[in-house]
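Residue numbers begin at 1 in each chain, while the letters A, B, ... track the order of the sequences. Atom set for the values below is all heavy atoms of this structure, side chains included, hydrogens, waters and symmetry mates excluded. No experiment lies behind these values; they were computed from the predicted model shown.
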There are 2 protein chains.
Amino acid sequence: MEQTIKIGKSPTLKASCQQCSLSNLCLPLAVSDQDLARLEDVVQQGRIYNRGDYVFEQNAPFRSCFAVRSGAIKTSIVTENGDEQVTGFFLPGELVGLDSMSGTHYACSAKALERTSVCELPMDHMEELTHKLPGLQHHFFQLMSQEIQSSHQLAMMLSKRTAEERIASLLLSLSSRFQRRKLSATHFNLPMARNDIANFLGLAVETVSRVFTRYQNQGLLKARGRDVELLDMDALHAIAQEASDAPPCR
Amino acid sequence: MEQTIKIGKSPTLKASCQQCSLSNLCLPLAVSDQDLARLEDVVQQGRIYNRGDYVFEQNAPFRSCFAVRSGAIKTSIVTENGDEQVTGFFLPGELVGLDSMSGTHYACSAKALERTSVCELPMDHMEELTHKLPGLQHHFFQLMSQEIQSSHQLAMMLSKRTAEERIASLLLSLSSRFQRRKLSATHFNLPMARNDIANFLGLAVETVSRVFTRYQNQGLLKARGRDVELLDMDALHAIAQEASDAPPCR
DNA sequence: CGCAATCTTGAACACCCTCAAGCATGGTGG
DNA sequence: CCACCATGCTTGAGGGTGTTCAAGATTGCG
């Protein structure tokens with residue numbers, strides 16, 4: 001578990017990417033050792049947010065993207081009608097705010113799901129840096145491209161998949177992202193509430209709850225509140241990629 | 001209507017962005033006049049595709065993005081199960097393939113919906129150019145960011161909106177995109193089949209058909225096949241952004 | 001002109017939502 | 001420390017929007 005310390009939050013504290021445990025997941029992976037100092041000049045170690053705090057709010061002036069250091073963030077967009085759509089969950093090593101780089105204001109809100117620390121990336125300075133470091137520019141293109149892809153995957157799920165398939169997919173996505181950080185792939189704490197899962201997957205909370213208990217009865221997982229243990233990964237994978245035309249046998 | 005000519009398709013014909021009628025919608029808008037030549041050195045006027053032709057196919061080696069010059073393109077992803085999700089429709093002036101810049105292979109397929117001509121943007125050369133031209137780099141960030149946003153909007157529609165709302169939204173989106181090109185905002189030809197609309201919006205073809213006839217009976221539009229005339233834009237706007245908590249009157 | 005593809009229309013069913021209530025959980029203050 | 005309340009989670013019953021299945025109408029193209 002990444003512990004982020006530093007109680008007194010000095011406003012703009014230079015980040016030390018070099019020593020960061022996430023350096024192989026985050027921006028440093030695209031920067032050579034001798035250029036790392038230039039990255040650290042731009043990146044600021046941001047403040048710590050408590051559960052429920054906004055990292056930024058929709059329609060606020062856009063300035064920075066944020067890299068999650070510890071904790072978790074959800075992003076969501078709100079329509080004029082007032083209904084909300086959760087657009088993503090972001091775990092340590094992942095970048096929040098890429099969808100807001102096209103305008104002068106944030107396109108979504110970002111809320112801390114638990115105690116969360118971030119690094120701040122002021123994008124005006126960052127764009128100067130990507131201009132100087134082709135590798136970093138390329139990495140940003142890649143990150144944004146991935147974001148488009150995963151959003152397309154979400155659209156696919158929302159329009160084609162059953163409730164069971166969607167939830168299996170989400171669990172497996174979280175699982176593999178925990179594993180990347182050398183954490184258990186089968187036993188972890190959900191950073192988000194059932195409500196957030198439901199909203200993200202386009203379901204009612206009740207449906208999410210029902211699927212969880214169904215899976216539990218089938219022995220696929222064990223869940224108590226946010227504590228989840230995946231017991232049958234193979235079965236979950238099978239469900240997540242269920243074919244409409246089922247395989248030969250059955 | 002942009003007519004793109006040039007019958008004999010020489011393999012790599014240098015583009016002439018300067019004279020292109022779409023220069024105020026496309027990449028040139030981010031490039032100064034004196035740099036335009038450098039852009040033209042990279043951009044290649046691609047071939048012409050007939051209806052049904054693939055501009056590129058999912059999992060083929062990624063090389064280029066494409067700017068639509070005339071016609072229309074749909075992109076879609078196919079899962080292992082074989083079911084397809086249309087992820088976007090692209091009209092003249094719009095860029096296809098940004099979601100594939102994170103890997104070595106295309107993340108989706110792009111198919112011409114009608115006779116379509118494109119400009120090809122070899123991304124290795126293009127990245128060199130964006131590296132030299134900060135304005136162009138910034139523009140690419142903007143384009144990709146917009147792509148993320150619109151995909152989030154799609155997710156919102158798929159998970160929260162009724163069939164009627166989704167279709168009204170799509171019609172209005174097309175309308176405004178035609179208008180940007182100085183074409184009629186109220187009378188146009190749908191470049192895509194009902195099937196594509198249904199798939200994109202996460203509906204069955206039958207539902208799309210039913211909504212069209214319902215709208216026609218209500219006098220909101222007149223549709224005969226792909227020929228569509230929007231008769232009551234205000235009503236369509238009202239439907240597209242329908243509040244769950246409806247406005248005071250009704 | 002005739003066939004194939006696309007589009008439309010109808011009827012029955014299914015999945016998930018809504019509404020409603022009961023049950024855990026956790027934080028707070030007496 | 002426990003009572004208390006708020007919040008989040010679970011479970012049940014009924015109904016609605018859209019799907020599926022099936023057939024007919026229209027279009028377009030060879």
Between [X] ([atom1]) and [N] ([atom2]), how many Å, whole number?
X	N	atom1	atom2	value
A:R224	C:dG26	CZ	C1'	13 Å
B:M192	C:dC7	CE	P	11 Å
A:M157	C:dC15	CE	P	19 Å
A:I197	D:dG8	CD1	C1'	12 Å
B:L203	C:dC7	CG	C1'	16 Å
A:L113	D:dT7	CG	P	18 Å
B:L158	D:dG18	CG	C1'	14 Å
B:K160	C:dC17	NZ	C1'	13 Å

Please pick, from [options], the nucleotide with the shortest atom-to-atom distance to any side-chain atom of [X].
X	options	value
A:E206	D:dC9, D:dT11, C:dT25	D:dT11
A:S209	C:dC7, C:dC19, D:dC9	D:dC9
B:R194	C:dT8, D:dG18, C:dT25	C:dT8

Salt bridge B:D83-A:K160, side-chain N to carboxylate O under 4.0 Å: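 Between A:K160 and B:D83 there is no salt bridge, as every charged N stays at least 4.0 Å from the carboxylate O atoms.
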To the closest 0.5 Å, what do you measure between NE2 (B:H237) and CG (B:D234)?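 That separation rounds to 8.0 Å.
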Take B:N81 and A:R161 through the side-chain contact (heavy atoms from CB on, under 4.5 Å) test and state the conclusion after the steps. CA-CA 11 Å; B:N81 323 340; A:R161 295 289 152 100; 2.9 Å; yes
When you check the phosphate oxygens OP1 and OP2 of [N], does a side-chain N or O of [X] lie under 4.0 Å from one of them?
X	N	answer
A:T207	C:dC15	no
A:T213	D:dT11	yes
A:R210	C:dC16	no

So, do A:R181 and A:P92 sit near enough that their side-chain heavy atoms are less than 4.5 Å apart?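 The answer is yes, as the side chains (C-beta and beyond) meet within the 4.5 Å cut-off.
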If you compare all heavy atoms of A:G219 against all heavy atoms of A:D232, which two are closest, and at what distance to 0.1 Å?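 Taking every non-hydrogen atom into account, O-CB, 4.4 Å.
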B:R51 or A:Q216, whichever maps to the more 5' nucleotide of DNA chain D: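 It is A:Q216 whose nearest nucleotide is closer to the 5' end.
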With no angle test and no hydrogens, is the base of C:dC16 tied to the side chain of A:E164 by a donor-acceptor pair under 3.5 Å?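 No pair found.
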